[in-house]
Colleague: 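Would you mind keeping the following structure in view while I ask a few things?
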Amino acid sequence: QVQLVESGGGLVQAGGSLRLSCAASGRTLSNYNLGWFRRAPGKEREFVARISRSSGSSYYIDSVKGRFTISRDNANNTAYLQMNSLKPEDTAVYYCATGVVIGSLPDYYIYWGQGTQVTVSS
């Protein structure tokens, strides 16, 4: 099993930046694919970005391309989501998750963090 703890959320004005962290314990994070998801008020959980365990390649939904960057720090067993040029529509609880099958569907991910709130004011 792997335990995931997100941090770095908060309140930021539109156009600002935040860096979310996902600290893993129990297993080596590099052995898993990792995804970031978000749940906005009144909406279903939405895939945001992923990074593969093998090649390290990343993938993003269109609405965050050019603004968000997903990365790994294998030495510290931590993943990150750098969020720039934030918009009010980015407001959500953000979750990191890991799995062994690469994909964008929540069902592909086995272990989930507790989430961290990101609020972007206009």
Side-chain angles (χ1 to χ4, degrees):
Q1 63 182 37
V2 59
Q3 293 79 45
L4 304 172
V5 179
E6 302 97 333
S7 62
L11 175 63
V12 64
Q13 292 184 347
S17 298
L18 288 172
R19 188 178 73 162
L20 306 184
S21 298
C22 177
S25 62
R27 305 286 287 185
T28 301
L29 187 60
S30 62
N31 291 334
Y32 296 88
N33 303 307
L34 186 136
W36 284 95
F37 295 78
R38 64 188 181 188
R39 186 190 296 274
K43 295 185 178 181
E44 296 294 320
R45 183 170 47 187
E46 177 190 32
F47 167 81
V48 177
R50 67 174 187 252
I51 186 166
S52 70
R53 68 177 184 268
S54 54
S55 67
S57 62
S58 58
Y59 181 82
Y60 306 86
I61 57 173
D62 288 343
S63 62
V64 307
K65 286 181 180 177
R67 299 190 298 121
F68 290 11
T69 303
I70 188 171
S71 63
R72 294 178 182 267
D73 183 349
N74 289 334
N76 292 308
N77 215 28
T78 303
Y80 302 95
L81 185 68
Q82 178 67 47
M83 306 186 296
N84 299 325
S85 301
L86 283 163
K87 304 175 181 179
E89 51 263 44
D90 295 319
T91 296
V93 177
Y94 283 72
Y95 303 87
C96 66
T98 61
V100 296
V101 178
I102 189 68
S104 301
L105 298 176
D107 287 350
Y108 292 162
Y109 295 84
I110 301 171
Y111 303 107
W112 294 79
Q114 85 290 348
T116 185
Q117 176 71 49
V118 172
T119 303
V120 184
S121 64
S122 59

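No hydrogens, no waters, no symmetry mates; every other heavy atom, side chains included, goes into these values.
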Colleague: Could you tell me which non-hydrogen atom of Ser58 sits nearest to which non-hydrogen atom of Ile70, and how far apart they are?
Modeller: CB-CG2, 3.5 Å
Colleague: Test of understanding: with side-chain contact (heavy atoms from CB on, under 4.5 Å), list the residues that count as partners of Ser71, not counting sequence neighbours.
Modeller: Tyr80
Colleague: Apply side-chain contact (heavy atoms from CB on, under 4.5 Å) to residues Gln114 and Val5 and explain how you reach the verdict.
Modeller: CA-CA 6 Å; Gln114 85 290 348; Val5 179; 4.0 Å; yes
Colleague: Tell me whether Leu4 shares a hydrophobic cluster with Val100, the cluster being built from Ile, Leu, Val, Met, Phe, Trp, Tyr side chains joined at under 4.5 Å.
Modeller: yes
Colleague: If the condition is side-chain contact (heavy atoms from CB on, under 4.5 Å), which residues does Lys43 pass it with, not counting sequence neighbours?
Modeller: Ala40
Colleague: Minimum heavy-atom separation for Glu6 to Tyr94, with atom names?
Modeller: OE2-O, 4.0 Å
Colleague: Show the nearest heavy-atom pair for residues Tyr60 and Phe68, with the distance to one decimal.
Modeller: CE2-O, 3.3 Å
Colleague: Return the minimal non-hydrogen interatomic distance between Arg72 and Asn33, and the atom names on each side.
Modeller: NH2-CA, 3.7 Å
Colleague: Considering only NZ, NE, NH1 and NH2 on the basic side and carboxylate oxygens on the acidic side, decide whether Lys65 and Asp62 come within less than 4.0 Å.
Modeller: yes
Colleague: To the closest 0.5 Å, what do you measure between OG1 (Thr69) and CE (Met83)?
Modeller: 11.0 Å
Colleague: Donor-acceptor pairs under 3.5 angstrom involving side-chain atoms of residues 10-28: please list them, not counting sequence neighbours.
Modeller:
{"from": "Ser17", "atom 1": "OG", "to": "Asn84", "atom 2": "OD1", "distance (Å)": "2.9"}
{"from": "Ser25", "atom 1": "OG", "to": "Gln3", "atom 2": "OE1", "distance (Å)": "3.4"}
{"from": "Arg27", "atom 1": "NE", "to": "Tyr32", "atom 2": "OH", "distance (Å)": "3.3"}

Colleague: Quick one: closest heavy-atom pair of Thr78 and Asn76, and the distance?
Modeller: OG1-O, 2.9 Å
Colleague: Report yes or no: do Tyr95 and Ile61 belong to one cluster of Ile/Leu/Val/Met/Phe/Trp/Tyr joined by side chain heavy-atom distances under 4.5 Å?
Modeller: yes
Colleague: Nearest 0.5 Å, please: how far is CD1 in Ile110 from CD in Gln1?
Modeller: 12.0 Å
Colleague: Hey, could you give me each pair passing ring pair (Phe, Tyr, Trp, His ring centres under 6.0 Å) that has a residue in residues 99-122? Not counting sequence neighbours.
Modeller: Phe37-Tyr109, Phe37-Trp112
Colleague: Spell out, yes or no, whether Ile102 and Tyr59 are grouped together once hydrophobic residues are joined by side-chain heavy atoms under 4.5 Å, including indirect joins.
Modeller: no
Colleague: Listing request: all disulfide bond (SG atoms under 2.5 Å apart) pairs with a residue in residues 39-75, at least two apart in sequence or in separate chains.
Modeller: none
Colleague: What closest approach, in Å, do Ala79 and Leu29 show between heavy atoms, and which atom pair accounts for it?
Modeller: N-CD2, 3.8 Å
Colleague: Say you draw a straight line from CD of Glu89 to OG of Ser63; how long is it, rounded to the nearest 0.5 Å?
Modeller: 8.5 Å
Colleague: For residues 115-122, dump all side-chain donor-acceptor pairs below 3.5 Å to protein atoms at least two apart in sequence or in another chain.
Modeller:
{"from": "Thr116", "atom 1": "OG1", "to": "Gly9", "atom 2": "N", "distance (Å)": "3.2"}
{"from": "Gln117", "atom 1": "NE2", "to": "Ala92", "atom 2": "O", "distance (Å)": "3.4"}
{"from": "Gln117", "atom 1": "NE2", "to": "Thr119", "atom 2": "OG1", "distance (Å)": "3.3"}

Colleague: Could you go step by step and tell me if Arg38 and Val64 meet the side-chain contact (heavy atoms from CB on, under 4.5 Å) rule?
Modeller: CA-CA 12 Å; Arg38 64 188 181 188; Val64 307; 4.1 Å; yes
